[in-house]
Amino acid sequence: MRVVVVESGVIAGGATGSGMGHIVVMDDNPAEYALTLYSQQLWAELLPQLPAPVEYDPCGTLWVATDEEEMSGVHAKFASYTMRGVRADVLDARTVAELEPNLRDGLAGGLLVRDDSVIYAPCATAWFLRGIAVRNARVVEVSGDGVRLENGDLLHCGMVVCAAGAKTSELFPQLDVRPRKGHLAITDRYPGFVRHQLVELGYLKSAHGHSTESVAFNVQPRRTGQVLIGSSRQYGVESPAVDRPLLNQMLQRALQYMPRLADLSVIRTWTGFRPATPDNMPAIGSCPGRGNLYLATGHEGLGITTSLGTAHLLVDLIAHRTPRIDPAPFAPERLWRDG
Amino acid sequence: MPDVAIVGAGPAGIAAARAVRECGKTAVVFDDNSCAGGQIWRGEDIPLQELRASTPVLGPWQLGCGRVILATGARELFLPFPGWTLPNVMGAGGLQALVKSGLPVRDKRIIIAGSGPLLLAVAVTLRKQGAQILFVAEQAPTRQLLRLARHPAKLLAGLRLRMELMGIPYRTGCWPVSAEGPDQLLAVTMRQGEETWTERCDYLACSFGLVPNLELPLLFGCQVRGGCVAVDEQQRTSVPNVFAAGEITGIGGVEKATAEGRVAGLNAAGKNAHNTPSAFPETLRHAFQLRQELKHLATRETIVCRCEDVPLSAIRSFDSWRAAKLQTRCGMGPCQGRICGPAIEFLCGWPADSVRPPAFPSTISGLLAEKLLDQ
């Protein structure tokens, strides 16, 4: 099949370029689990070919528990991961302190998921696009014949895949994909300050909740030695400007887990928009009654992880092959508001 | 709470503070340096009662919503060429600052190169400290520099400066092609017309003009035109209650900065004052315009982003700053493009990308700190 990718801005200039590039198996519900696990396996298979600028780092994820209630959450997670063949270790407080000396004292313990990793997503994107035609233009309409560009040109094609992320609703206002703003901060280089992707157990509550604003502790080591600090979520805000109170809340939350972050030098803060859906599942597949339109969007904070699983699933659906995981939870028709 | 917050304690900020004081109002002047004077009056021990030294302003949120005068000055423009990152190759103003802080240069062989009136001022300082200045190399050709004749007073000041430097050749249409090491600077290869030659030296003080510090004005949302903050004759920017004065409204030297600082101060204090813009900044810009050859000094291997070690070859294939940044991390290091940004804009023609807070690196404690002004 001949493919052309139409990108209105810079390659990887959306959430891909703003986000953390964390590859993580998430166990919040079976569909999410299946998609992230499938994807992680695909990333692992690709590993020998990934070029150096992708900066693949198998640092693992350390889920951090602050009290006994969260520790029982750790045990539940351990059971669910182990059942699916995902390597995980329950850690006591002392081991957590040994692995991550800059976490505060008095934590209850944690869960180490060894095979999670971090990549530099923009370079991975460029690598995936090698040899593929990319057209720098903005799509304003999708019809039975193809796509119409802003300058009036019509690109004839048999099939359209919309992977417009947080901009999806600009093209399809009836589709329930809403931008969910996030903040990030990055420090100067402090090699070894943090060694794993650190996430608080409350992260899922923030990600899957529907409150207008929330923050959750989420910190990542980069290959450069810089520390990437997140996370925040906000609905209904269009402006990309940094929201001071929310940024401060996010930083305060981070300090609660890693007090020594206070003295690190932050060189930049920025925002990005995740594409979010009401049920927190992405939209992957065909759109009945809409010609040859397929969707691959709505991945919220799991876009990098699930990119490969999404791609394989979509190609299987297009080719009428049996996909490796159940596509039903991701069916786009559930998101069309006009029925 | 002071009536007016001033950012920058250089000539413009000092003039603004004095004007506010004259009007019977109160001001506070923030500067990241430990003394007032900015770059041009560095080390001159200027008293400024309103000064809050060693206090960089990170963004608009630190100043609340009162009247603000931005006078954040300018920094040197660096252009990459082979060897420009060798030890003892530094900015002209940079070497001058080091010397004023005590770096010994007696009998050291020094070449001052690049562009702009700053080169001569630096030569004076270095000469006073006993340096052996081989020559000052100005990239602009003589015919271009003659435009300065439109401003006789300035020309006279320039000539006076030249006379102080008697004995030091001032080579026009001359620029550095490469600096040689291997571990630190040993020699510089220069070009003038058809001639190319190599000169042994201990220091190369090199910068190609000045670039306004627009980080804070941009974070405030001030409109920028032609690389400078747009202001009216009262020094008002496009943002209500925010004024701008000095090099950030156009590179024009001390007199312009002082005049604009004063007008901004008077208006911020509630008086009505107007500035008559001079043609000097425009003349300066034309006289010292950078020549095309400077775009071709860097080779494929020459580092263009010092923070992230990105060579020219890595960024050449992109067509925008944002694309180059995302793929190579050029401009994403601690300086956030302060050093490489203007160079890459000159080399590749890409306009600068938008600025993100904080205006300067800050600890998390600093970011979380209370406002700089008491309510």
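What you see below is based on every heavy atom in this structure, not just the backbone, and it leaves out hydrogens, waters and symmetry mates. Not measured: the values here are computed from a predicted model. Quick note on labels: first sequence line is chain A, next is B, and so on, each numbered from 1.
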Gap separating the CG atom of A:L184 from the CZ atom of B:R356, nearest 0.5 angstrom: 12.0 Å

Residues, nucleotides or ligands: over 12 heavy atoms within 6.0 Å of A:R104 CZ: yes

Side chain / backbone / both / neither for A:I186 at chain B, heavy atoms under 4.5 Å: neither

From B:E308 atom CD to A:R189 atom CZ, the distance as rounded to the nearest 0.5 Å: 4.5 Å

What part of A:T224 gets within 4.5 angstrom of chain B, counting heavy atoms only: side chain, backbone, both, or neither? side chain

Identify which part of A:L261 has an atom lying under 4.5 Å from any heavy atom of chain B, answering side chain, backbone, both or neither. both

Closest-packed option against chain A by number of heavy-atom pairs under 4.5 Å, given B:I364, B:V355, B:D319: B:I364

Which atoms of A:V242 come close to chain B, meaning under 4.5 Å heavy atom to heavy atom: side chain ones, backbone ones, both, or neither? side chain

Would you compute the distance between atom SG of B:C307 and atom CD1 of A:I267 and round it to the nearest 0.5 angstrom? 7.5 Å

A:N248, part contacting chain B, at a heavy-atom distance under 4.5 Å: both

From OG1 (B:T363) to CG (A:D188), nearest 0.5 Å: 12.5 Å

Which atoms of B:S365 are under 4.5 Å from chain A, going by heavy atoms: the side chain, the backbone, both sets, or neither? both

Please list every donor-acceptor pair under 3.5 Å in which a side-chain atom of residues 5-23 of chain A meets a protein atom from a residue at least two apart or in another chain.
from  : atom 1 : to    : atom 2 : distance (Å)
A:E7  : OE2    : A:G9  : N      : 2.7
A:S18 : OG     : A:G14 : O      : 3.2
A:H22 : NE2    : A:T61 : OG1    : 2.8

Heavy atoms under 4.5 Å from chain A: which residues of residues 325-335 of chain B carry them? B:K325, B:L326, B:Q327, B:R329, B:M332, B:G333, B:P334

Roughly how far apart are A:R244 CZ and B:L368 CG, rounded to 0.5 Å? 9.0 Å

Answer with side chain, backbone, both or neither: which region of A:R268 has an atom nearer than 4.5 Å to a non-hydrogen atom of chain B? both

Around atom CG of A:N151, are there more than 12 heavy atoms of other residues, nucleotides or ligands at under 6.0 Å? yes

To the closest 0.5 Å, what do you measure between CG (A:L264) and OG (B:S362)? 11.5 Å

Atom CZ of B:R300 with >12 non-hydrogen neighbours under 6.0 angstrom: no

